[in-house]
Number of protein chains: 2
Amino acid sequence: MQRIFNDADDIVDEMLKGFLKTHSDIVVKTDNPRVVRAVKAPVDRVGVVTGGGSGHKPAFIGYVGENLCDAVAVGEICSSPTAAAFLDAFKAADGGKGVACLYGNYSGDNMNVKMAVKMAKKAGLEVKTVVANDDVASAPKDQREKRRGVAGEVLMWKVGGAKAAKGATLDEVIAAAQKAIDNTRSVGIGLTPCTLPAVGHPNFEIKDGTMEVGIGHHGEPGIEVCALETAAQMAKRMVDVVVPDYPFVAGDEVVVLVSGLGATPIMELYVLYDEIDRLLTEKGIKTHRSYVGNYFTSLEMMGATLTMMKVDEELKELIDLPANSMGLKQF
Amino acid sequence: MQRIFNDADDIVDEMLKGFLKTHSDIVVKTDNPRVVRAVKAPVDRVGVVTGGGSGHKPAFIGYVGENLCDAVAVGEICSSPTAAAFLDAFKAADGGKGVACLYGNYSGDNMNVKMAVKMAKKAGLEVKTVVANDDVASAPKDQREKRRGVAGEVLMWKVGGAKAAKGATLDEVIAAAQKAIDNTRSVGIGLTPCTLPAVGHPNFEIKDGTMEVGIGHHGEPGIEVCALETAAQMAKRMVDVVVPDYPFVAGDEVVVLVSGLGATPIMELYVLYDEIDRLLTEKGIKTHRSYVGNYFTSLEMMGATLTMMKVDEELKELIDLPANSMGLKQF
């Protein structure tokens with residue numbers, strides 16, 4: 001395992017120290033060492049919170065900042081933050097108008113968020129939630145509630161953060177974030193497994209010369225293992241999963257996000273995006289904006305994800321609002 | 001080789017197509033398919049150009065943008081752009097006040113830039129150059145002219161681009177960029193080799209459980225191969241190479257850049273940076289600003305580089321100027 005850390009048990013705390021130093025213009029620490037808040041705390045507006053396991057950088061902490069999330073609960077690697085961390089994140093993001101907790105559909109996160117929401121209610125703080133479930137490959141279409149949240153969460157945070165920044169009510173922020181994720185579909189292709197530093201070896205396998213379509217961000221099994229393909233073939237496979245599921249159709253305007261899973265060279269993501277864009281253009285689907293880069297990763301996994309969100313005028317305006325976080329800087 | 005591309009011979013052109021689509025707010029193509037220009041061409045000010053081989057993203061193309069480079073010449077993977085591409089980049093960046101070409105010390109780049117500068121002169125365009133040589137491990141201190149340029153180039157572009165944007169003369173831009181690189185020292189530690197898509201297997205070896213100190217961005221041999229260390233030990237090793245070479249001393253203010261080499265998870269770069277910052281603080285060296293992330297990579301190599309630049313008031317002002325490119329967005 002060729003990696004950079006001291007003690008695998010301390011890696012998250014040590015990462016946080018370095019993160020807080022580097023991005024002191026964007027984030028500050030709080031009394032809870034596993035909660036980080038944006039420098040400008042919300043005042044007289046809705047607060048936006050997220051949280052999740054570590055190892056997915058820039059997610060989750062990299063989306064705390066101006067016009068994005070106001071606070072984040074930080075978990076161990078690939079493991080949910082505690083309910084106490086979510087509760088403290090809610091308190092850190094409380095600007096007097098309630099808190100929107102926008103997170104991904106994983107059992108640990110669901111359980112801890114629910115507990116934290118109850119505790120917040122007792123403390124007089126109203127928290128409403130949106131649960132991202134954009135990963136098409138993780139459950140059939142008629143069981144969307146079982147699908148995992150993946151890179152589509154980035155677009156949900158962008159939309160929810162922008163709506164809150166514009167002074168919307170809690171219900172309006174929740175409605176916009178819910179619309180964002182309802183309009184969003186993703187799929188990933190994994191080319192190599194990843195290794196948790198505390199484990200020291202991959203806990204799943206992707207054989208050289210093969211790829212796993214529909215893989216999750218923690219190596220959850222996909223829908224198909226097949227021979228490694230060209231970028232054009234991978235793009236077609238991804239588009240053929242994502243487009244019919246929503247479905248995106250001719251005339252639709254979309255935001256496209258292509259994220260690397262960690263170790264794939266960025267130049268290859270642009271090669272893949274070029275192929276995806278060609279296929280969408282052929283289908284008469286218009287791209288309003290695209291993001292290509294490492295937006296939601298899985299340690300040093302190789303591979304990429306495709307996320308598409310159908311946008312209307314409201315979503316376009318919210319997506320286009322400037323933002324400033326470690327993971328997303330938009331002028 | 002678990003990678004995403006179509007034809008290894010077309011990967012740079014296909015990458016460029018995807019890059020230009022995604023970043024159409026920042027860059028535009030030119031008549032030369034291997035030259036990309038910033039959307040806002042320089043008018044009545046010095047133009048700033050760089051160029052180099054591909055596979056180092058965000059370098060080089062990712063540093064074309066507002067208050068950074070105005071045009072870039074794009075080479076094949078790990079191979080210099082042609083003299084014709086550099087010449088066309090000079091022309092693309094010509095705003096009537098001369099062009100500063102800020103590039104790294106590699107034999108192919110040196111040769112092609114020199115030819116292009118001569119051709120530009122014949123065409124009536126004045127081009128002056130700064131050659132980055134920040135890689136401490138690549139030659140002894142008394143042979144700085146033999147040292148390679150590595151991640152310190154990012155700081156040179158930031159400074160040179162900012163100086164040009166502020167309306168300085170060509171000689172002033174060259175002087176600022178030269179000061180930036182003269183004040184800058186870097187070292188890298190490689191943990192895994194990288195694979196050129198056209199080759200299909202690594203062209204050098206780093207054995208599991210070892211690391212190569214002083215490795216170059218193309219796998220050029222370093223100064224020592226030793227057993228894999230903790231982040232704290234790696235940080236000390238890097239600081240012990242970089243700090244005495246300049247030398248950086250108590251009371252100095254510096255900019256610190258920690259870049260991943262491609263596949264190392266971002267969280268680990270923050271762990272490493274936290275250790276580096278602790279060592280610098282102990283030495284009485286004050287960090288004015290830090291950058292941590294993938295700023296200058298080598299395909300899917302694992303490992304990291306440390307770059308330090310001593311800053312005075314002029315360099316601080318230039319470093320702090322906002323910038324907008326794919327690789328560096330600064331508010």
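Order of the sequence lines sets the chain letters (A, B, ...), proteins ahead of strands, with each chain counted from 1.
- The ring pair (Phe, Tyr, Trp, His ring centres under 6.0 Å) test applied to B:Y295 returns B:Y291, not counting sequence neighbours.
- Contacts with chain A were tallied for B:D10, B:V256, B:D208, B:I11; B:D208 has the most, counting heavy-atom pairs under 4.5 Å.
- Annotation: maximal heavy-atom pairing with chain B below 4.5 Å, among A:I266, A:I276, A:L16, occurs at A:I266.
- The contact between B:T22 and chain A is made by backbone and side chain atoms together, counting heavy-atom distances below 4.5 Å.
- Of all the listed residues (B:I4, B:T192, B:V271, B:N294), the one sharing the greatest number of non-hydrogen pairs under 4.5 Å with chain A is B:I4.
- Contact annotation for A:F19: both backbone and side-chain heavy atoms come within less than 4.5 Å of a heavy atom of chain B.
- Aromatic ring centres of A:F204 and A:H218: separated by at least 6.0 Å.
- When heavy atoms are compared at a cutoff of 4.5 Å, A:I77 approaches chain B solely by way of its side chain, counted from C-beta outward.
- A heavy-atom distance below 4.5 Å is found between the side chains of B:D13 and B:R34.
- Between A:P58 and A:F296 the shortest heavy-atom distance is CD-N, 4.2 Å.
- Interface remark: A:L228 contributes side-chain atoms only to the contact with chain B (heavy atom separation under 4.5 Å).
- Between chain A and the options B:H23, B:E66, B:M211, B:Q233, the largest number of non-hydrogen pairs under 4.5 Å is found for B:H23.
- A:D320 is listed as a side-chain neighbour of A:H288, based on a closest heavy-atom distance under 4.5 Å.
- The most heavy-atom pairs under 4.5 Å with chain B, out of A:E275, A:R278, A:E229, come from A:E275.
- Of the listed residues (B:R289, B:M267, B:M326, B:H56), the greatest number of heavy-atom pairs within a distance under 4.5 Å of chain A belongs to B:M267.
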Do any side-chain atoms of residues 300-309 of chain A form donor-acceptor pairs under 3.5 angstrom with protein atoms, and if so which ones, sequence neighbours left out?
from	atom 1	to	atom 2	distance (Å)
A:E300	OE1	A:R3	NH1	3.3
A:E300	OE1	A:T195	N	3.2
A:E300	OE2	A:R3	NH1	3.3
A:E300	OE2	A:T195	N	3.1
A:T307	OG1	A:S186	OG	2.6

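- In this structure, A:Q2 contributes its side chain and B:T210 its backbone to a donor-acceptor pair below 3.5 Å.
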